[in-house]
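Worth saying up front: this structure is predicted, and the values here are computed from it rather than measured.
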Protein chains: 2
Amino acid sequence: MKTRNVYLDNMPLEEALGIYEEKLRAAGAWRQLPGEFIPVDEARGRVTAEAVFARISSPHYHASAMDGFAVRAKDTFGASETNPLRLKVKEKAFPVDTGDPLPEGCDAVIMIENVAPVGDEIEIIAAAAPWQHIRAIGEDLVATEMIVPANHRLGPYDLGALLAGGITQVAVRRWPKVVVIPTGTELVQPGSELKPGDIVEYNSRVLGGLAEEWGAKVKRYDIVADDYDRIKKTLLAALAEADLVMINAGSSAGSEDFTSAIISELGEVVCHGVAIKPAKPTILGIAQGKPVIGVPGYPVSAALACELFVKPVLGAMQGLVLLARHTMAALLSRKVMSPPGGEEFMRVKLGRVGGEVIATPMSRGAGLITSLVRADGLVRIPRLVEGIEAGQEVEVELFRHSQEIANTTMVIGSHDITLDILANRLRLKHPERSMASAHVGSLGGLMALRRGEAHLAGIHLLDEATGEYNVPYLNRMLGNRPVVLVNLVLREQGLLVPKGNPKGIGGITDLVGKGIKYINRQRGAGTRLLLDYQLGQLGLSQEEIEGYDREEFTHMAVAAAVASGSADTGLGIYAAAQALGLDFIPVAQERYDLAIPGEFWDTPHIRDVLAILADDDFKQEVLALGGYDVSRMGEVIFSS
Amino acid sequence: MKTRNVYLDNMPLEEALGIYEEKLRAAGAWRQLPGEFIPVDEARGRVTAEAVFARISSPHYHASAMDGFAVRAKDTFGASETNPLRLKVKEKAFPVDTGDPLPEGCDAVIMIENVAPVGDEIEIIAAAAPWQHIRAIGEDLVATEMIVPANHRLGPYDLGALLAGGITQVAVRRWPKVVVIPTGTELVQPGSELKPGDIVEYNSRVLGGLAEEWGAKVKRYDIVADDYDRIKKTLLAALAEADLVMINAGSSAGSEDFTSAIISELGEVVCHGVAIKPAKPTILGIAQGKPVIGVPGYPVSAALACELFVKPVLGAMQGLVLLARHTMAALLSRKVMSPPGGEEFMRVKLGRVGGEVIATPMSRGAGLITSLVRADGLVRIPRLVEGIEAGQEVEVELFRHSQEIANTTMVIGSHDITLDILANRLRLKHPERSMASAHVGSLGGLMALRRGEAHLAGIHLLDEATGEYNVPYLNRMLGNRPVVLVNLVLREQGLLVPKGNPKGIGGITDLVGKGIKYINRQRGAGTRLLLDYQLGQLGLSQEEIEGYDREEFTHMAVAAAVASGSADTGLGIYAAAQALGLDFIPVAQERYDLAIPGEFWDTPHIRDVLAILADDDFKQEVLALGGYDVSRMGEVIFSS
């Protein structure tokens with residue numbers, strides 16, 4: 001093969017797909033795989049390699065379609081209620097059950113219900129039409145008729161039709177074989193003891209799992225260190241057995257990124273760098289007549305590159321088009337900007353709240369595998385579009401069935417670990433329901449309610465003027481809109497400190513003037529308001545606190561910062577301290593409530609949640625976390 | 001368990017589903033199966049039995065998100081273009097690559113691009129913000145955070161997140177075990193030599209395949225003869241190992257239908273007879289705390305009963321709701337009547353022809369497995385509705401992706417075996433395309449074009465007045481509508497007779513007065529018009545022909561009738577004779593054309609078909625069938 005390296009920094013997606021297909025075709029690597037004969041009984045899910053024609057007819061004989069008597073129609077002509085006719089059994093009328101072959105010479109069946117036995121005769125009061133109640137030979141399938149064409153994925157019904165047509169062996173395309181090669185000196189296998197700098201190698205499992213879902217047989221190779229010769233040797237071994245190879249990663253331009261150079265040496269790099277975000281540094285290559293795809297290292301980039309470039313090739317090999325995801329229209333909840341020059345694939349959460357489906361953009365970081373777990377779909381922002389306005393309709397490529405979206409209860413607001421437990425209980429009790437929560441702080445939750453993005457919001461908002469929780473904010477944020485406030489828990493807030501409290505922090509006053517590095521929550525978070533309230537009560541100012549400006553979005557993130565030593569303390573809940581083995585200096589008990597717009601009160605979204613709040617097992621599970629008081633759980637605190 | 005037999009002749013579907021679920025719950029048979037720990041690497045597609053919480057954070061250390069230098073942010077304050085700042089490498093600035101752990105004391109990373117090396121120092125012209133370009137500990141996942149709840153089906157992304165969170169073993173629900181018992185003395189295994197009366201046992205493969213698609217592990221038992229004690233013994237064996245048992249069939253009220261009595265003896269029949277069509281004689285039973293479902297014998301009934309009653313139970317066992325099919329709105333092509341008192345499930349073909357999606361009702365016989373292969377979906381006709389008018393919008397539960405429907409070329413009209421070959425070639429060359437054909441005769445095809453139900457029609461219509469093929473009918477049927485007529489084949493029509501021509505038939509004249517039993521084609525079929533034309537030329541009358549009124553809808557059905565001896569001869573094409581080993585008495589060569597409305601001419605539906613007509617391989621394959629002349633294949637005969 002002629003080697004021609006094209007290092008294209010930013011090739012538009014459609015162009016990259018087009019050129020790659022063209023080059024693969026030229027190299028014989030875009031091809032339908034050959035067939036192999038297998039028993040029909042093992043063929044469910046396989047794809048036919050050739051058309052299948054019936055060997056026998058079904059039925060293969062004229063069969064009675066009823067229990068009754070087979071007759072010659074012309075023997076019955078003239079029978080009527082006024083002129084009953086008698087036929088001698090076993091001479092002119094032959095008893096048959098459903099499925100029995102039609103006796104020689106007969107051409108009709110009379111149902112047993114329409115026959116009166118009289119001695120060794122039957123009496124009928126209506127003539128039989130020729131061919132009535134007969135399943136004629138070939139009614140279902142005629143021998144030589146095509147049952148299914150080539151390139152047809154065989155489902156359960158197809159298996160039945162093949163067997164009915166006398167087919168017991170069928171030619172199906174062999175499975176495409178895919179090898180995934182994880183490369184990187186920093187990678188370690190899952191379950192290893194981790195040192196700082198180690199990265200758990202899970203991408204090959206995600207890539208392999210995707211390829212399997214698209215019909216491939218996958219072999220994951222062992223981790224290969226960043227070494228040109230070792231990677232080259234491994235790729236050669238993979239090419240010897242695979243129909244397609246993915247190398248992950250080594251696809252960007254870093255000093256230890258060898259993938260592109262190795263593919264060039266062994267074959268051709270068709271494209272290195274696609275104008276998409278994420279997954280830009282994807283490498284589309286061909287070696288030894290086989291597709292070799294360099295998949296970027298960040299997990300979201302890896303999954304996207306696999307879907308965009310591996311899926312169509314695997315489809316072609318199977319003689320199928322692997323179908324696109326179902327789509328759904330939704331309204332974007334907030335404005336997003338997108339850098340021009342690249343097509344962006346933005347993860348969104350979908351909520352059917354009230355009548356509209358709202359798409360809420362998620363974090364756009366390529367490093368967050370959890371964002372793919374939690375996303376409901378993708379929105380494409382075209383290459384030359386710089387952004388999408390809030391409220392604009394977008395088309396979402398769905399990760400889930402639209403029915404699941406409709407059955408998802410959206411909880412937006414402050415984070416509390418009891419919401420995870422609640423979500424799990426809901427799913428156990430009602431497998432058809434899901435609870436999705438987004439952690440944007442208490443004020444963010446009320447804003448989400450105002451915009452119609454959530455069914456309920458978890459809030460713990462201390463009003464500085466009155467010292468009262470939550471109710472003053474409802475009026476302020478939701479105006480005259482009817483809303484019900486239900487208590488979830490009373491919980492301890494306190495300062496999280498490393499085990500043993502090495503800096504000897506005793507309370508809020510110690511945050512000032514003692515060289516303590518604090519870590520704060522984001523603006524609008526109830527925990528931040530609590531700090532501000534406490535500072536106000538104590539006459540301290542925010543500026544005096546080192547780290548007041550460093551923000552995290554969840555209790556657990558604050559706890560993690562303290563556990564790692566990057567901060568000395570932060571305000572948070574007891575459960576977070578306990579989960580990461582920190583000590584906890586109590587500061588205040590606060591009321592964490594659920595704010596529920598009146599219009600959702602009488603829906604399954606709320607009813608099913610309230611039922612769990614009344615469940616003793618749930619209360620016990622929450623109490624076991626520590627730091628919670630469930631005495632008011634489920635109580636209606638306020639209703640407007 | 002208390003045995004209570006309720007023989008309910010005609011229980012409405014919703015009621016049957018409701019009572020069965022209630023009874024199964026009471027018997028502990030509607031339950032989520034227990035969990036088993038398996039490696040995450042083997043867990044794709046499995047369903048979690050409990051919530052999974054992260055054991056470790058991801059990243060588990062503060063990591064550089066860029067290649068560059070790690071610094072203390074406060075060491076960089078004041079740096080600007082007018083006031084560059086220098087930091088000593090390895091004292092104040094530490095080189096890091098992406099993914100490297102942040103050195104002790106550092107809290108920011110400066111990208112390599114923004115740094116100028118100066119001896120053993122670096123020069124910067126901007127201050128670093130604290131925590132810039134750092135992937136903080138727990139950014140993706142914080143230890144103790146819930147990754148997925150219980151009752152969540154694990155996909156490739158989930159596996160990545162579990163491994164990232166330090167999980168290598170996961171508790172998943174064990175597979176539901178299903179046993180399918182085929183019963184019936186008339187049943188034989190596929191591949192057996194068939195005698196009249198034998199029925200090939202394929203239902204258990206269809207039922208088993210469906211259960212597998214819904215997540216079960218399936219065991220098919222051997223065929224059990226119709227014998228009370230044998231079936232009872234077999235059911236007891238099945239109950240000992242299965243979570244759910246299907247017995248097929250023995251569910252109707254015939255003399256050898258033991259299923260209901262046996263379930264009653266071993267447990268309880270909750271319902272026998274559901275108000276649905278097909279599948280009315282379904283039995284919903286419980287024995288030894290397990291669901292036992294008596295599935296009717298006709299294949300379409302069996303598949304429907306399985307879907308309606310087995311699927312929800314298997315879903316519950318897995319802690320899932322097995323989702324309904326996607327649906328699509330379509331316009332019904334013709335009026336259908338439905339007997340009141342039962343909910344009918346009607347199979348339809350869908351065609352997106354022009355702008356509208358048209359649903360064409362298919363045969364409603366419960367015995368046709370091929371109807372399930374060819375159907376695109378189901379339309380439910382509610383219990384108290386007696387019919388649906390032509391043109392009314394219906395909701396179709398889809399067997400295929402909507403994209404496949406859009407890519408299907410609808411061919412309605414006369415049947416010719418070359419259409420099967422054409423459909424197969426189309427699929428091989430364009431795996432994304434399908435061709436669906438309905439055989440309603442030539443006139444039926446033109447009527448379908450007129451109603452906008454088809455992209456093209458196959459016709460061979462001899463005009464009695466002019467002796468000209470097809471063109472006169474276009475004017476008559478389609479008026480001024482632009483249409484193009486393209487030749488597919490010239491083909492021999494002749495009399496099909498048994499091998500050796502035992503009745504010595506020499507031509508059309510022999511059909512009269514010689515005791516020959518003829519089998520005719522349906523009204524509107526070109527082959528019937530040809531017979532009528534020939535009779536007219538010979539001065540013979542239709543009434544003189546015995547069997548003139550017995551109609552079949554395809555050439556192959558006529559051939560099958562002759563092969564089976566139920567008729568002595570019929571008019572048909574050479575290919576049909578050859579396929580069933582019949583002799584062929586030529587009568588005439590006719591022109592079989594494709595009529596294509598002008599509006600579809602320049603669409604892929606037609607372009608891709610015309611390309612195949614120009615393909616020499618296709619011509620050779622047609623010639624090999626015999627009886628065809630391909631000299632005019634693809635020629636435009638007429639265009640208006």
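For a residue to count as touching a neighbouring chain, one of its non-hydrogen atoms must lie under 4.5 Å from one of that chain's; by this rule A:E139 touches chain B with backbone and side chain alike. Within the 4.5 angstrom heavy-atom criterion, only side-chain atoms of A:V148, from C-beta onward, approach chain B. Contacts between A:S204 and chain B at a heavy-atom distance below 4.5 Å are absent for every atom of the residue. In this structure, the portion of A:I199 lying under 4.5 Å from any heavy atom of chain B is its side chain and not its backbone. When heavy atoms are compared at a cutoff of 4.5 Å, A:I56 approaches chain B solely by way of its side chain, counted from C-beta outward. For B:E212, the parts lying near chain A are the backbone and the side chain together; criterion is any non-hydrogen pair under 4.5 Å. If you measure heavy-atom distances from A:A51 to chain B, the contacts under 4.5 Å come from both the backbone and the side chain. Contacts between A:P196 and chain B at a heavy-atom distance below 4.5 Å involve backbone atoms as well as side-chain atoms. Only the side chain of B:V200 has a heavy atom closer than 4.5 Å to any heavy atom of chain A. Interface remark: A:Q403 contributes side-chain atoms only to the contact with chain B (heavy atom separation under 4.5 Å).
Between chain A and the residues B:L141, B:L210, B:I167, B:L162, the most heavy-atom pairs under 4.5 angstrom are made by B:L210. The candidate with the highest count of non-hydrogen atom pairs below 4.5 Å against chain A, out of B:R220, B:Q318, B:H430, is B:R220. Ranked by heavy-atom pairs under 4.5 Å with chain B, the list A:D158, A:T48, A:L426 is led by A:D158. Ranked by non-hydrogen atom pairs under 4.5 Å with chain B, the options A:A136, A:G138, A:A150, A:A560 are led by A:A150. When the candidates A:L163, A:V321, A:D107 are compared by the number of heavy-atom contacts under 4.5 Å with chain B, A:L163 comes out ahead. Ranked by heavy-atom pairs shorter than 4.5 Å toward chain B, the options A:E552, A:R55, A:K195 are led by A:K195. Annotation: maximal heavy-atom pairing with chain A below 4.5 Å, among B:S57, B:A143, B:A423, B:A324, occurs at B:A324. Listed options A:G99, A:A164, A:G191 were ranked by heavy-atom pairs under 4.5 angstrom with chain B; first place goes to A:A164. Between chain A and the options B:L207, B:I421, B:N407, B:L368, heavy-atom pairs under 4.5 Å are most frequent for B:L368. Interface remark: of the candidates A:G160, A:P190, A:A161, A:G160 forms the most heavy-atom pairs closer than 4.5 Å to chain B.
The heavy-atom pair separating B:P431 from A:G319 by the smallest distance is CB-O, 3.1 Å. Closest approach of B:A561 to A:I137, counting heavy atoms only: N-CG2, 4.4 Å. The nearest pair of heavy atoms linking A:H60 to B:D198 is CE1-O, 3.1 Å. A:V142 and B:A557 make their closest contact through CG2-N, 4.3 Å (heavy atoms, listed as atom of the first residue, atom of the second, distance).
Looking at A:E145 and B:R374, a side-chain N of the basic residue comes within less than 4.0 Å of a carboxylate O on the acidic one, giving a salt bridge.
Looking at B:P130 and A:R550, their side chains never come closer than 4.5 Å, going by heavy atoms from C-beta outward. Using a 4.5 Å heavy-atom cutoff, the side chains of A:T98 and B:Y298 are in contact. In this structure, the side chains of A:E50 and B:N424 stay at 4.5 Å or more apart for every pair of heavy atoms. For the pair B:D100 and A:E186, the minimum side-chain heavy-atom distance is 4.5 Å or more. For the pair A:S566 and B:H62, the minimum side-chain heavy-atom distance is below 4.5 Å. Using a 4.5 Å heavy-atom threshold, the side chains of A:Y157 and B:V206 count as touching.
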Can you check side-chain contact (heavy atoms from CB on, under 4.5 Å) on A:L428 and B:Q32, steps first, answer last? CA-CA 9 Å; A:L428 273 169; B:Q32 297 176 9; 3.6 Å; yes
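A donor-acceptor pair is defined here as one N or O able to donate and one able to accept, closer than 3.5 Å; no such pair exists between the side chain of A:H401 and the backbone of B:R325. Side chain of B:R44 to main chain of A:G208: no donor-acceptor pair is present (N/O by atom type, distance under 3.5 Å, no hydrogens or angles). Side chain of A:R135 to backbone of B:G367: a donor-acceptor contact under 3.5 angstrom is found. One N or O on the side chain of B:D420 and one on the backbone of A:M146 form a donor-acceptor pair closer than 3.5 Å. Using a distance-only test at 3.5 Å, with no hydrogens or angles considered, no donor-acceptor pair links the side chain of B:R427 to the main chain of A:P149. Counting only distance, with no hydrogens or angles, the side chain of A:E432 and the backbone of B:L320 share no donor-acceptor pair below 3.5 Å. Remark: side-chain polar atoms of B:T370 are paired, donor with acceptor, to backbone N or O of A:D140 under 3.5 angstrom.
Note: B:H326 and A:H326 have parallel aromatic rings, judged against thresholds of 30 and 60 degrees for the angle between ring planes.
Interatomic distance, CZ of B:F53 versus CD1 of A:I417, reported as 7.5 Å (0.5 Å rounding).
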